[in-house]
Chemist: 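Input: one structure, supplied below.
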Amino acid sequence: KNFTPAILSTPSFSNTGGISVKYYSTRSTVIQLLNNIGSKREVEQYLKYFTSVSQQQFAVIKVGGAIITQQLPELASCLAFLYHVGLYPIVLHGTGPQINEILENEGIEPDYIDGIRITDGKTMSVVRKCFLEQNLKLVTALEKMGVHARPITGGVFQANYLDKEKYHLVGDISGVNKAPIEASIQAGALPILTSLAETPSGQILNVNADVAAGEIARVFEPLKIVYLNEKGGIINGNTGEKVSVINLDEEYEDLLKESWVKYGTKLKIKEIRELLMHLPRSSSVAIIDVDDLQKELFTDSGAGTLIRR
Ligand code: X2W
């Protein structure tokens, strides 16, 4: 499939009169992008680079559940921009905060071991409901911006029980079925994934969304791997400051000894390390805020936390 990014074929961004809402939103996001991050030439260079590979290899974007609640319009407009210029990221989202809110309203204390939710039968029904609801919310917001988005809420991750005694209905991913994702991109639709998995006998299991996004990145080997979180990176819990770079080869062992590296943060760093060990040395993972997504993708200057080997 040949892609002609709209930005390359659009001679002028100033005349927005008389064009459809879809194109208006494209043009306005292009203008916004150029205002935000600099020169058209820089953006064009990155667009050429991103369109030089098959679109399933452009990017994997993990969206933390909190972003769907707090920054849905910003997220949808960033993804709409990518779509309208002909780029098809694979999007995988979580739903951690929404699950916790429902559990807490029902008087159930959310329970984790090392950042992984202990998921009994009752919790699992909340997990499934939240994943479906948040997936629909994201897909609907995208459709409103003229984006063809495809909900993929199952059929991708095969898993076995991680540790049935300890975590109950939690999966350890054993395989990734690329077909639904490839078919979506082939059909010109952004694939929007949850991290729900299935055992060979059909039991649905809960999987941490950071972990599942890592598995997607491992099998697709994209040019860009981006984790969006509401904190805009990894925060050093002792100083309250954002960590700008983690060089795993030098820092990993010491980092794990830090008292603030625990729970979900520890799991995230471990998982990203595991992923980068399996990818070419030049690969890296950026953990950023939604507002920095375009800057991260289209300029040399990074934002948030960069993790590399
Ligand atoms: C996660 C899945 C959702 C998730 C959970 O139940 O919270 C496990 O921990 P965020 O918003 O990306 O944190 N599953 C097994 O990871 O969502």
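Order of appearance sets the numbers: ligands from 1, and atoms from 1 within every ligand. On a predicted model such as this, the values are computed, not experimentally measured, just so you know.
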Chemist: Pull out every atom of ligand 1 sitting under 4.0 Å from any heavy atom of Arg117, numbered as shown with elements.
Modeler: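 Result: 5 (C), 6 (O), 7 (O), 8 (C), 9 (O), 15 (C).
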Chemist: Flag the pair Asp210 and Lys62 as a salt bridge only when some basic side-chain nitrogen lies within less than 4.0 angstrom of an acidic carboxylate oxygen.
Modeler: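 Counted as a salt bridge, because a side-chain N and a carboxylate O are separated by less than 4.0 Å.
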Chemist: Hey, is ligand 1 close enough to Gly65 that some N/O pair sits below 3.5 Å?
Modeler: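 Checking ligand 1 against Gly65, an N or O pair does fall under 3.5 Å apart.
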Chemist: Which atoms from ligand 1 have a heavy atom of Phe131 less than 4.0 Å away?
Modeler: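 Near Phe131, the atoms of ligand 1 are 2 (C), 3 (C).
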Chemist: Quick check for you: to the nearest 0.5 Å, what is the distance between Leu103 atom CG and Ile108 atom CD1?
Modeler: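 Those atoms lie 5.5 Å apart.
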Chemist: Mind checking whether Ser195 has an N or O less than 3.5 Å away from an N or O of ligand 1?
Modeler: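 N/O-N/O distance under 3.5 Å: no.
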Chemist: State the CD-CD1 distance between Glu74 and Ile67, to the nearest 0.5 angstrom.
Modeler: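 Here the interatomic distance stands at 9.5 Å.
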Chemist: Does Glu271 pair with Lys268 as a salt bridge, N-O distance under 4.0 Å?
Modeler: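 Result for this pair is no, no salt bridge flagged.
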Chemist: Please evaluate residues Phe298 and Phe81 with respect to the criterion ring pair (Phe, Tyr, Trp, His ring centres under 6.0 Å), reporting the C-alpha separation (whole Å), side-chain torsions for both, the decisive distance (0.1 Å), and the verdict.
Modeler: CA-CA 12 Å; Phe298 294 103; Phe81 168 76; 5.7 Å; yes
Chemist: Select one of side chain, backbone, both or neither to describe which atoms of Tyr167 lie under 4.0 Å from any atom of ligand 1, heavy atoms only.
Modeler: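 The answer is neither.
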Chemist: Check the pair Arg309, Asn247 against side chain to side chain donor-acceptor pair (under 3.5 Å), reporting the backbone distance first and the verdict last.
Modeler: CA-CA 5 Å; Arg309 286 171 64 194; Asn247 295 301; over 6 Å; no
Chemist: In ligand 1, which numbered atoms sit nearer than 4.0 Å to a non-hydrogen atom of Gly96?
Modeler: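 Per the distance check, 3 (C), 4 (C), 7 (O), 10 (P), 11 (O), 17 (O).
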Chemist: What part of Ile99, side chain from CB on, backbone N/CA/C/O, both or neither, has a heavy atom under 4.0 Å from ligand 1?
Modeler: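 Side chain only; the backbone of Ile99 stays clear of ligand 1.
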Chemist: Measuring centre to centre across the rings, with the benzene-like ring taken for any Trp, is Tyr112 within less than 6.0 Å of Tyr263?
Modeler: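 Here the rings of Tyr263 and Tyr112 have centres that are no less than 6.0 Å from each other.
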Chemist: Judging by distance only, is a nitrogen or oxygen of Tyr112 under 3.5 angstrom from one on ligand 1?
Modeler: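 In this structure, Tyr112 places no N or O atom under 3.5 Å from an N or O of ligand 1.
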Chemist: Counting each atom of ligand 1 from 1 as listed, which ones have a heavy atom of Ala209 under 4.0 Å away?
Modeler: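 Counting from 1, the qualifying ligand atoms are 4 (C), 12 (O), 16 (O).
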Chemist: Is Lys62 near ligand 1, meaning one of its heavy atoms is under 4.0 Å from it?
Modeler: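 In this structure, Lys62 qualifies as a contact of ligand 1 - some heavy atom is under 4.0 Å.
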Chemist: How far is atom 14 (N) of ligand 1 from its nearest protein heavy atom, and which residue and atom name does that atom have?
Modeler: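 Atom 14 (N) of ligand 1 sits closest to the protein heavy atom Asn206 OD1, 3.0 Å.
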Chemist: Within ligand 1, which atoms have a heavy atom of Gly94 less than 4.0 Å away?
Modeler: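 Under 4.0 Å from Gly94, ligand 1 has these atoms: 4 (C), 10 (P), 11 (O), 12 (O), 17 (O).
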Chemist: Within ligand 1, which atoms have a heavy atom of Pro97 less than 4.0 Å away?
Modeler: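 Ligand 1 atoms under the 4.0 Å threshold to Pro97: 11 (O).
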Chemist: On the 0 to 90° scale, with breaks at 30° and 60°, tag the His93-Phe131 ring pair as parallel, tilted or perpendicular.
Modeler: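 The rings of His93 and Phe131 sit tilted, inter-plane angle from 30° to 60°.
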Chemist: With atoms numbered from 1 as shown, which atoms in ligand 1 lie under 4.0 angstrom from a non-hydrogen atom of Ile116?
Modeler: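 Going through ligand 1 atom by atom, the ones under 4.0 Å from Ile116 are 9 (O), 15 (C).
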Chemist: Counting both backbone and side chain atoms, is some N or O of Thr119 under 3.5 Å from an N or O of ligand 1?
Modeler: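 The answer is no, given that Thr119 and ligand 1 share no N or O pair closer than 3.5 Å.
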